[in-house]
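Heads up: the structure comes next, in structure tokens.
Heads up: numbering here begins at 1 and tracks the sequence.
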Amino acid sequence: LLSAFASAAEFSARMFMQDQTGEVTGRIFVKNGMIRNELDGWDQTIVYIIDSNQKVAWQLLPGNMYMEIPVSEAPNTLVSEEYEEVNLGVETVEGYVCDVIRFIYKDKSLGAVTHWIARKLGYPLRIEETDAAGKVKATAEFSRIKEEALCGCLFEPPEGYERLALFDSMLGKGGGKDSTGVPDSISIPGFPGDLSSIPGIPE
């Protein structure tokens with residue numbers, strides 16, 4: 001859902017996210033259809049970028065590497081056919097007038113997501129995810145909003161980073177004639193063998 005708001009005003013902010021597994025802090029940068037998230041945790045800063053103009057997402061990895069994922073496969077990207085929108089009114093968050101919009105999944109077992117969307121920024125400053133019973137599962141809040149010009153270099157893999165062809169292998173674009181297209185193991189310096197510990201990597 002966040003990628004739907006990427007055409008918002010140009011700004012940076014602090015963010016705080018909480019779910020059943022714990023809390024994560026970080027920063028977010030938004031510019032001309034692009035989003036950069038920097039999450040503090042796992043003894044390092046995790047960076048992932050969504051560029052809706054190029055329809056691609058990148059995740060920066062230790063060892064000067066990055067993964068590239070089509071936006072259509074990136075987490076939290078939904079199409080309108082998957083939910084309905086309900087307008088819950090207007091509230092003020094961090095000094096910004098916000099429209100409160102609830103996105104209700106048509107698959108009722110998935111619950112709903114509510115966004116407090118700042119009219120001036122065109123971006124949600126609070127997000128609340130609830131389960132089918134209406135219980136809050138996760139929240140994200142943005143503060144210390146700073147409207148400022150941002151360098152385009154923040155929204156692309158840094159110079160000197162090497163692309164990790166993880167998804168090329170999964171899609172069968174590499175390997176020998178007996179290859180299934182899915183590697184037996186993947187080694188990334190600085191990460192354990194279980195890639196599920198990296199936020200943003202689909203199962």
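Remark: R119 CZ to L121 CG distance equals 13.0 Å, nearest 0.5 Å. Here the straight-line distance linking atom CZ of R102 with atom OG1 of T114 works out to 3.5 Å at 0.5 Å rounding. Remark: Q59 CD to I50 CD1 distance equals 10.5 Å, nearest 0.5 Å. Note that CE of M65 is 11.5 Å distant from CG of L60, once rounded to the nearest 0.5 Å. The CD atom of E128 lies 10.5 Å from the NE2 atom of H115; values are rounded to the nearest 0.5 Å. Of the inter-residue distances, the one linking E82 atom CD with L110 atom CG reads 9.0 Å to the nearest 0.5 angstrom.
Scanning both residues, L154 and R36, for their nearest heavy atoms gives O-NH1, 2.7 Å. When all heavy atoms of C98 and L125 are compared, the closest pair comes out as SG-CD1, 4.4 Å. Contact detail for D40 and V24: the closest heavy-atom pair is O-CG1, 3.8 Å. Heavy atoms only, all atoms of each residue included: L150 and E10 are closest at N-OE2, 2.5 Å. Nearest heavy atoms, F142 versus Y123: CZ-CE2, 4.4 Å. The shortest non-hydrogen separation linking F29 to S12 is CD2-CB, 3.6 Å.
Under a hydrophobic clustering in which Ile, Leu, Val, Met, Phe, Trp and Tyr are joined whenever their side-chain heavy atoms come within less than 4.5 Å, directly or via other members, F103 and V136 fall into different clusters. I127 and F16 are assigned to two separate hydrophobic clusters, defined by single-linkage of ILVMFWY side chains at heavy-atom distances under 4.5 Å. Under the 4.5 Å side-chain heavy-atom criterion for grouping Ile, Leu, Val, Met, Phe, Trp and Tyr, L88 is connected to Y96 within one hydrophobic cluster.
Put simply, the side chain of E141 does not reach to within 4.5 Å of the side chain of V93, judged on heavy atoms. Two residues are said to be in side-chain contact when any heavy atoms from C-beta on lie closer than 4.5 Å; R163 and W58 fail this criterion. Within the 4.5 Å cutoff, the side chain of Y83 has no heavy atoms near those of the I104 side chain. Between I49 and E156 the shortest side-chain heavy-atom distance does not fall below 4.5 Å.
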Would N64 and Y161 count as a side chain to side chain contact (heavy atoms under 4.5 Å, CB included) if you check the C-alpha gap in whole Å, the side-chain angles of each, and the deciding distance to 0.1 Å?
-> CA-CA 5 Å; N64 289 353; Y161 270 58; 3.6 Å; yes

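Remark: side-chain polar atoms of S52 are paired, donor with acceptor, to backbone N or O of G33 under 3.5 angstrom. The backbone N or O of N32 lies less than 3.5 Å from a partner atom in the side chain of N53, making a donor-acceptor pair.
Counting non-hydrogen atoms of neighbouring residues, nucleotides and ligands closer than 6.0 angstrom, the CD atom of Q20 reaches no more than 12 such neighbours. Residue K108 qualifies as enclosed at atom NZ: its count of foreign heavy atoms under 6.0 Å is above 12.
Between K120 and E147, at least one side-chain nitrogen of the basic residue sits less than 4.0 Å from a carboxylate oxygen of the acidic one, meeting the salt-bridge criterion. Here R27 does not pair with E38 in a salt bridge; the nearest charged N to carboxylate O distance is not below 4.0 Å.
Under the salt bridge (charged side-chain N to carboxylate O under 4.0 Å, His left out) criterion, E162 pairs with no residue at all, not counting sequence neighbours.
For the side-chain contact (heavy atoms from CB on, under 4.5 Å) criterion with T139, the lone passing option out of M17, R126, E23 is R126.
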